[in-house]
Amino acid sequence: MILLDYHNVVIEETLNQPIVNLEPTVLDMTVVDFDGVAYHLSTPESKSVIKFSLIMQCYKELVQWGAQDMLQREYGPYCVPKEDGYDVTLEFDLQKLPEDKSQREELVKKLALIKRNLMAQPFERAFEQQAQFEDEKQPNPTPDLMQIHYRDQEAIYIQAQLDRVTVIFTTLFKEETDRIFGRVFLQEFVDARRRPAIQNAPQVLYSSKEPPLEIRHLPELQNTSENEDIGYVTFVLFPRHFAKGDVREKTISQIQLFRDYLHYHIKCSKAYMHSRMRARVQEFLKVLNRAKPEVPNVEKKTITGKTVIRS
């Protein structure tokens with residue numbers, strides 16, 4: 001199995017030429033990312049002025065948890081009034097970009113990670129609230145139950161607690177085979193932690209039909225107990241899993257891609273099984289063809305010596 005990239009490769013490759021190499025170009029393209037996120041890259045006024053717009057389903061929820069502050073901090077000089085139909089718009093004038101090439105390369109990497117950075121804000125907020133519980137000089141906070149409805153009928157719930165941060169995914173299996181494959185994958189996540197080598201990994205809990213206790217009170221989940229198509233995956237993160245620095249950044253990047261990772265490998269497993277089934281059918285056909293009796297070719301001739309051909 002492989003891990004998916006945190007950044008958008010198409011965005012990075014498309015913007016490398018104009019921004020890194022400062023080569024004016026004509027752009028008018030739409031790029032689609034995971035979870036229905038879409039980008040619009042265009043040069044409506046001039047080849048040297050690039051507009052970068054983004055739309056995502058849960059943007060208004062992310063604003064509550066600090067997305068706007070992150071945009072100002074990371075992309076502030078480039079923020080402009082948003083384009084019609086989009087949530088965020090950035091504008092880059094190639095003549096006003098930093099002279100240092102490494103800074104322009106860093107800018108392109110940050111643009112390719114903009115979806116990841118927006119989705120990271122609720123996690124950052126939860127980690128900070130959990131740190132307040134451990135700081136004796138600060139009063140205990142009232143942790144928020146942060147909800148991110150990033151897909152239709154699917155959401156992420158994040159909440160800080162006294163000694164941990166709980167992250168709950170709801171995932172929808174539209175087909176019965178997906179539900180079976182998903183249950184096998186998720187059970188493996190649960191069982192894998194019993195191995196001595198990875199006992200320090202976050203605890204993973206899986207349940208179907210019945211929501212976990214942390215979110216059972218939410219009105220939107222009151223009538224889902226009989227829905228077998230919805231699964232609930234709970235990650236329990238302890239402070240060692242989100243220590244400041246590279247550990248925290250990697251945890252945020254990996255956990256927000258969990259849903260895409262799961263469904264990607266379900267599709268890969270189904271494709272592999274279908275290819276094996278086709279190969280097995282071809283082998284059976286060869287056996288059946290070898291089992292066919294050969295029809296003897298007996299020539300019959302008339303009294304005059306002509307050969308009789310059966311029509």
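Using a 4.0 Å cut-off between charged side-chain N and carboxylate O, Glu83 and Lys51 make no salt bridge. Ion pairing between Asp87 and Lys60 fails under the 4.0 Å rule for side-chain N and carboxylate O. Using a 4.0 Å cut-off between charged side-chain N and carboxylate O, Arg116 and Glu249 make a salt bridge.
Residues Tyr86 and Leu54 do not share a hydrophobic cluster, defined by chaining ILVMFWY side chains whose heavy atoms lie under 4.5 Å apart. Following chains of ILVMFWY side-chain contacts shorter than 4.5 Å, one cannot reach Val20 starting from Val26, and the two form parts of different hydrophobic clusters. Residue Leu205 is not grouped with residue Tyr157 when hydrophobic side chains (ILVMFWY) are merged at heavy-atom distances under 4.5 angstrom, including chains of intermediate members. Both Tyr78 and Leu71 sit in one connected hydrophobic cluster of ILVMFWY residues. Membership requires side-chain heavy atoms under 4.5 Å apart, directly or through other members. Under a hydrophobic-cluster definition in which Ile, Leu, Val, Met, Phe, Trp and Tyr are linked whenever side-chain heavy atoms come within less than 4.5 Å, directly or via other members, Leu27 and Val88 are assigned to the same cluster.
Side-chain atoms of Ile11 and Ile114, non-hydrogen and from C-beta on, never get closer than 4.5 Å to each other. Two residues are said to be in side-chain contact when any heavy atoms from C-beta on lie closer than 4.5 Å; Leu162 and Glu134 fail this criterion. Between Lys109 and Glu12, the closest side-chain pair of non-hydrogen atoms falls below 4.5 Å. At least one side-chain heavy atom of Asn117 sits less than 4.5 Å from a side-chain heavy atom of Tyr75.
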CA sep, side-chain torsions, deciding dist, call: Glu210, Arg216, side-chain contact (heavy atoms from CB on, under 4.5 Å): CA-CA 8 Å; Glu210 196 69 26; Arg216 197 172 295 175; 3.6 Å; yes

From CA spacing to verdict: side-chain contact (heavy atoms from CB on, under 4.5 Å), Asn200, Arg240: CA-CA 9 Å; Asn200 289 329; Arg240 65 176 180 271; 4.2 Å; yes

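Here the closest heavy-atom approach between residue Cys58 and residue His149 is recorded as CB-O, 3.6 Å.
Here the two rings, on Phe123 and Phe242, have centers that are 6.0 Å apart or farther.
For the side-chain hydrogen bond (donor to acceptor under 3.5 Å, both in side chains) test with Asp229, the passing option among Arg179, Lys174, Gln153 is Arg179; the others fail.
Between the side chains of Gln57 and Asp35, no donor-acceptor pair is found at a separation under 3.5 Å.
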